[in-house]
Amino acid sequence: MTGANAILRFQKRWQQSIYVEVLLYAIGSGGCIFILTQKVGFGILGFLVTISVLIPLFKPWRVNAERTVAYIDAHVVQAGFSSGLLLMPANELSGLSKLQKHRVIAQLEPVLTKLRPPNQWNRATMIMLGLLVLGLLGNSALQSINGYTQKSDTKKNIISFVPKDSSDALQPIPELTRTSISIQYPSYTGEETQYTSVPNIKAVEGSRVNWSLEFDRSVEEVEMDLMGENIGFTKAQESYRLTKILETSGFYSFMFKDEQGNEHISDLYSLEIFKDEPPVIELKGLDNYSYFEFKDEKQIQFNASITDDFGIQDAYIIATVSKGSGESVKFREEKLSFDHTLVKGKKLNQLDKSLDLDDLKMDPGDELYFYVEAVDQKAPKANVARSETFFAVIRDTVTDVFAVEGNLGADLMPDYFRSQRQLIIDTEKLIAEQSKVTEKEFKFRSNELGFDQKQLRLKYGQFMGDETEMQAAAGQVSHEENDHDDDHDHEESEEGLLDEYTHKHDSENEHNLVDRQDHDHDHDHEDQEVANDPLHEYVHDHGDPEASTLFEKSLKAKLRSALSIMWDAELYLRLYEPEKSLPHQYKALKIIQDIKNSARIYVHRIGFDPPPIKEESRLSGDIDEIKNFDKREEFTYRPTFASTRKAIARLEELIHNKTTFDETHNISFKEAGNELARKAISEPVKYLKVLRGLRDLEKVDNRTIIKFKEVQTELLSVLPEVEKIPMKTPRFQDEIDLLFLKELSIYE
């Protein structure tokens, strides 16, 4: 067993050497990543990833006893290719095998302790060191790049001062040793304070900016020139500080006086302010118009996505329920919350809502208008945004017409036309209670409903031009109808009722024949008069009941049909058969509603209202007082950027040495700067460079041709496109053309 243990120990040492090799690779990889990123977490992550990849690749568990014996037999001469006998039990060996085993143990055991397992430690160590060196070189390169960038940015953004008077340039200038700018966003934004040394500032409206400047030696006074407004700094120990709340965009510069009273100014820097935007509301899964039947499940489900740049304070639904119509319409407004609680301060909220019209106590014919409103956290006055308005309607059980247009309209139908619906309700009630009431009461109520139907028919007849009850039955021979009598005899026969409420066209008695002959004679006489009247086709005869109507011909035909159906409905009510009258009442109601919806007129838009025409001067041909209207107006055209264009022209003269720089040039450049400064309030970045160039021309040292060209180029870049002015196209003519035209005019 001693020999077997030696082989097993060698196998274990072989496996451990493989793990060490993997560990060397992992250390090199993790160390390289740590040196490059300077973050321990990334280094550990690289170390673990390398181990997890290489262990399955090298597979240390594949080094088993069989592989170990094969390696020993191949590399140790003393083993005599019999090291495998050391692992076999003694009872399985023959006598010769036992003798060989005993000889191998004595020779092999001292050698195995010195035998090195196969490994690539040298290669792993070299790779590890190479990775570490590579990390050091990469880190050095990155630091050089960052240092160069920081140096470039510092050089670009550092605040430098120059003497305002060029004669003071020989004297030493106090240098700015430290610049610190902090931007504190409003508290409601939840943004952290930002620190920078770059004087070009961009922040949200209402932010508080703190400037802190330190010089290498004492100065008398430090100021900020904010678009012509001088604001002084406050000295606190060794620094000069200024705090201002940003309200508008613009530009600014710094200025200080040294101990000798010399003024020094800095370059121009931008203040760019952006506003806190209102929330954005997006509704999904919702139609602008929703219609429901009375028996439908009246629910509206939708999702709302509400976003804001600095967080949402509240969001809710404003729902307005409209009941009734016409002058009796009533409105009820409710403020509804979403089904899920809104997370205040969150920039994105996904909300949903299920509106149940039954919970809003809506009845058939009611209308619902609703929209979503969101409020952000802006202080002191929050931004409020609302979505578009959505509509939901429960169709009326009788009428199905609904309009959500905002046009003004007028309806020709008076409210009492809707009493036909009440007649239907009362008739249905009478039919349902027929078995519960006496026959006398049933006939009395049926006759009362017939009388009400008659009154409604007569009222409709007035709109058709029927001025008496004689024309109540449309298209029939008129007869006298008796007024309703409270002492009406309910026991009279059905034949008597029919005599009063029906037309007997088949009764050819002498009286009817005489009346018909007289009637035909009258018609012949009227037709003769119409034929002799040449204006008959061009006038509106108000005496004709067919023409004296408020409706067009198509509506007139519908109303005449409704009157005829009402007559049948009234007839069956008088005959005490309300169940036969009910279908006719429904038909009449449907036609009435159709007429009501078709007879809607709309008010014309307000437009030109011509003066009334004087009839005494109309068609007289007198035009003495008619004069042509001639209006002349003179104005001076002033192009945009006039001072800037003038400055460009003055620079052109200086570039070509046509004139020398004097005070008039300085005044012209200041006027151009003031003109561009007003534009720079809204776009400071665009005009900042050209304003710097104009201000540099105040110094004598900068008045060179190169500087003039540079400033002129900047001025030309900010000018808008040339305005297109209508003008006559120039025409070129020579003397021969003029003579030719003259000859043509002579012989015309």
Side-chain angles (χ1 to χ4, degrees), residues 1-79 81-84 86-87 104-105 107-154 192 194-197:
M1 293 297 297
T2 304
N5 291 335
I7 294 176
L8 294 177
R9 283 196 300 268
F10 178 78
Q11 176 185 349
K12 187 174 182 181
R13 283 192 294 117
W14 191 357
Q15 293 176 342
Q16 290 175 350
S17 66
I18 295 177
Y19 283 112
V20 171
E21 186 178 353
V22 171
L23 184 63
L24 291 175
Y25 289 126
I27 291 174
S29 176
C32 180
I33 295 175
F34 167 71
I35 294 172
L36 288 174
T37 61
Q38 296 296 316
K39 295 184 180 298
V40 179
F42 289 163
I44 295 175
L45 180 62
F47 175 81
L48 296 176
V49 170
T50 304
I51 288 180
S52 61
V53 171
L54 293 182
I55 286 181
L57 185 64
F58 283 82
K59 301 177 181 179
W61 55 85
R62 293 183 61 183
V63 180
N64 49 21
E66 183 179 354
R67 186 177 178 184
T68 303
V69 169
Y71 180 81
I72 293 174
D73 290 340
H75 294 82
V76 179
V77 180
Q78 292 84 348
F81 297 97
S82 301
S83 58
L86 303 180
L87 301 177
V104 170
I105 290 176
Q107 298 179 1
L108 187 61
E109 186 173 358
V111 178
L112 287 181
T113 56
K114 299 178 181 180
L115 181 65
R116 294 180 58 184
N119 55 60
Q120 300 292 337
W121 285 4
N122 294 333
R123 185 181 65 179
T125 303
M126 294 300 294
I127 292 177
M128 178 189 71
L129 295 176
L131 290 174
L132 294 177
V133 172
L134 181 63
L136 292 173
L137 294 176
N139 184 35
S140 177
L142 290 176
Q143 288 181 356
S144 299
I145 294 173
N146 293 335
Y148 177 77
T149 304
Q150 292 176 359
K151 184 177 180 180
S152 300
D153 293 342
T154 304
E192 297 181 355
Q194 299 181 5
Y195 298 92
T196 181
S197 59

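What you are looking at is a predicted structure, and each value in this text was computed from that prediction instead of being measured.
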Residues 32-44, side-chain donor-acceptor partners within the protein, below 3.5 Å, at least two apart:
| residue | atom | partner | partner atom | Å |
| --- | --- | --- | --- | --- |
| Thr37 | OG1 | Ile33 | O | 2.8 |
| Thr37 | OG1 | Lys39 | N | 3.4 |
| Gln38 | NE2 | Ile35 | O | 2.9 |

Under 3.5 Å, which donor-acceptor pairs do the side chains of residues 18-26 form with other protein atoms, sequence neighbours left out?
| residue | atom | partner | partner atom | Å |
| --- | --- | --- | --- | --- |
| Tyr25 | OH | Arg123 | NE | 3.2 |

Item to complete: Could you tell me whether the side chain of Ser52 and the main chain of Val49 form a donor-acceptor pair under 3.5 Å?
Response: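 Judged by distance alone, yes, a pair lies under 3.5 Å.
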
Donor-acceptor contact present, side-chain Thr50 to main-chain Gly46, <3.5 Å:
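Here the side-chain-to-backbone pair exists.
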
- Atom pair OG/CD1 of Ser29 and Ile127 - distance to nearest 0.5 Å: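 Spacing of OG (Ser29) from CD1 (Ile127) equals 11.5 Å.
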
Looking at residues at least two apart in the chain, or sitting in another chain, which of them share a side-chain hydrogen bond (donor to acceptor under 3.5 Å, both in side chains) with Ser17?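 Per chain and number, Ser17 pairs via side-chain hydrogen bond (donor to acceptor under 3.5 Å, both in side chains) with no residue.
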
